[in-house]
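Because the structure is a prediction, the values reported are computed rather than measured.
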Amino acid sequence: MATFYELARDAYARLGVDAEAAIDQLGKVPISVHCWQGDDVAGFENTTSLSGGGIQATGNFPGKATTIAQLRQDLEKVYSLLPGRHRLNLHASYGDFGGKSVSRTDIGIEHFQSWIDWCKTTDIGFDFNPTYFAHPLADDGFTLSNRDRGVRDFWIEHGKACRRISAAAGEQLGETVVTNFWVPDAYKDTPFDRASPRERLQASLDEIFSDTLDPKFTVDAVESKLFGLGAESYTVGSHEFYLGYAISRQKLYCLDAGHFHPTESIGDKISSILKFVPEMLLHVSRGVRWDSDHVVIMDDQTRGIMEEVVRGGFLPRTHIGLDFFDASINRIAAWVIGVRSTQKCVLSALLEPATMLRNAEESCDFTTRLALLEEAKILPLGAVWDEFCRRNEVPTGTDWLMDIKDYEATVLNSR
């Protein structure tokens, strides 16, 4: 008797889709798992609260990680439940500072060496982010575009230090580290002068990127935003600003799914942006009414993003990371749901009857195109996903949930 997967494989084959090839390709798509979901963006600088940048973690589910050891323990549990080989996305505020106060301008590879060693031990990749929030010199809402030259110099040095850390980490791991720059600089109310902060931000970024680093070990990305809490009227680093900057400086452009208008599709931007920049970084998130960083699910927005990446042949030029923080549910489960949902969206795109769809469109047979797009929605994706999980020796369906529940009972509830 044929297995569910064999039946699904045959159903896809009738539409010219190779399910085996899709499984193989999905296994080569790493997801960068963001550290800040595990501790509500607190970090390890001995700060008492998250501040600045329009960031707010909501909820009080028990078991939040409060030490590096706890965060790594939680991440190891997550990776054990994910099919494929993935990455860690670390913020600079998560360094191993040994309980000491270290200025963000003075951080070095020594403060992240234990993270690099952990990545080697667990066989995961590594990505990095400067932290331009939760700091006294970010309290007025401006960092790299601050009108105070001294403040700008502080944040410029922080950016340079982070790039050096990324380069050293990449050299040790033998893989390219993506260093993503996002700054919260913005006004709550309507400004009079929109130009000057952007001039200062441009000059600051140019100074940070003035040091030439080996692209084999690190590449830079710049991330835009529409607005945030307390930053509703004007964001210095807008989409237009960073798109122009990325194109003119040939940097990676980061598209965060929560950083645009709720009715705006970022999937539609991908084929245009990649005409002019070398690569792209995706921060997969889910905004509900605003940049609320809900757990990623297999929704139309996320599916649309991955469809554009796959249809355009852009997977080799696209880095995929997650960006959400939900403390209202089990934090480890949130990670697992987010990564697996993102992978399912990639798989769904890989399983589209692409050849038949392209032929229909090129022959102006839009009736067939529409019919195929609708038929693809109910093809047996789940059976292929389960086979992918089985081959990677991780739980299928919701079997992983019992593992999380046991972890919650034995580990999280004792913290």
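Ring geometry, Phe112 versus Phe128: the interplanar angle exceeds 60°, so the pair is classed perpendicular (tilted spans 30 to 60°). Under the 30°/60° scheme for interplanar angles, the aromatic rings of Tyr79 and Trp118 are found to be tilted. Using bins of under 30°, 30° to 60° and over 60° for the plane-to-plane angle, the ring pair His283/Trp36 lands in the tilted bin. Using the six-membered ring where Trp is involved, Trp182 and His259 have ring planes that are tilted, between 30° and 60° apart.
Open room surrounds CG on Asn60; 12 or fewer heavy atoms of other groups in view lie less than 6.0 Å from it. Residue Arg415 qualifies as enclosed at atom CZ: its count of foreign heavy atoms under 6.0 Å is above 12. Within a 6.0 Å radius of CZ in Arg147, no more than 12 heavy atoms belonging to other residues, nucleotides or ligands are found. Residue-environment remark: CG (Asp300) stays at or below the threshold of 12 foreign heavy atoms within 6.0 Å. No more than 12 heavy atoms of other residues, nucleotides or ligands lie within 6.0 Å of NZ in Lys405, so this atom counts as exposed by the packing criterion.
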| Checking ring-ring contact (aromatic ring centres under 6.0 Å, His included) for the pair Tyr253/Tyr245: CA distance, chi angles, key distance, verdict? | CA-CA 9 Å; Tyr253 184 66; Tyr245 191 89; over 10 Å; no

| task | Start with the C-alpha distance between Lys216 and Glu175, add both sets of side-chain angles, then the distance that settles salt bridge (charged side-chain N to carboxylate O under 4.0 Å, His left out), and finish with yes or no. | result | CA-CA 7 Å; Lys216 288 191 302 184; Glu175 295 184 350; over 6 Å; no

| Where do Ser285 and Leu322 land on the side-chain contact (heavy atoms from CB on, under 4.5 Å) test, with the steps shown first? | CA-CA 6 Å; Ser285 183; Leu322 302 187; over 6 Å; no

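Closest heavy-atom contact between Phe154 and Ser103: CE1-OG, 3.5 Å.
For the pair Val346/Gln25, no side-chain contact is recorded, criterion being any heavy-atom separation below 4.5 Å from C-beta on. Contact annotation: the side chain of Val384 approaches that of Leu347 to within less than 4.5 Å [non-hydrogen atoms, C-beta and beyond]. Within the 4.5 Å cutoff, no side-chain heavy atoms of Asp39 are placed close to those of Phe325. At least one side-chain heavy atom of Arg340 sits less than 4.5 Å from a side-chain heavy atom of Val394.
Of the N and O atoms on the side chains of Ser114 and Arg72, at least one donor lies less than 3.5 Å from an acceptor on the other residue. Using a 3.5 Å distance cut-off with no hydrogens or angles, the side chains of Thr218 and Thr179 do pair a donor with an acceptor.
Under the 3.5 Å distance criterion, the side-chain polar atoms of Arg87 are left unmatched by any main-chain donor or acceptor of Gly321. In this structure a side-chain-to-backbone donor-acceptor pair under 3.5 Å is present from Gln70 to Thr66. A distance-only check finds no donor-acceptor pair linking the side chain of Thr302 to the backbone of Asp299 [under 3.5 Å].
By the ring pair (Phe, Tyr, Trp, His ring centres under 6.0 Å) test, Trp400 pairs with no residue at all, sequence neighbours left out. For Phe209, the ring pair (Phe, Tyr, Trp, His ring centres under 6.0 Å) partners are Phe181, not counting sequence neighbours.
Looking at Arg331 and Asp326, no side-chain N of the basic residue comes within less than 4.0 Å of a carboxylate O on the acidic one, giving no salt bridge. Of the charged side-chain nitrogens involved, at least one lies within less than 4.0 Å of a carboxylate oxygen, so that Arg249 and Asp206 count as a salt-bridged pair.
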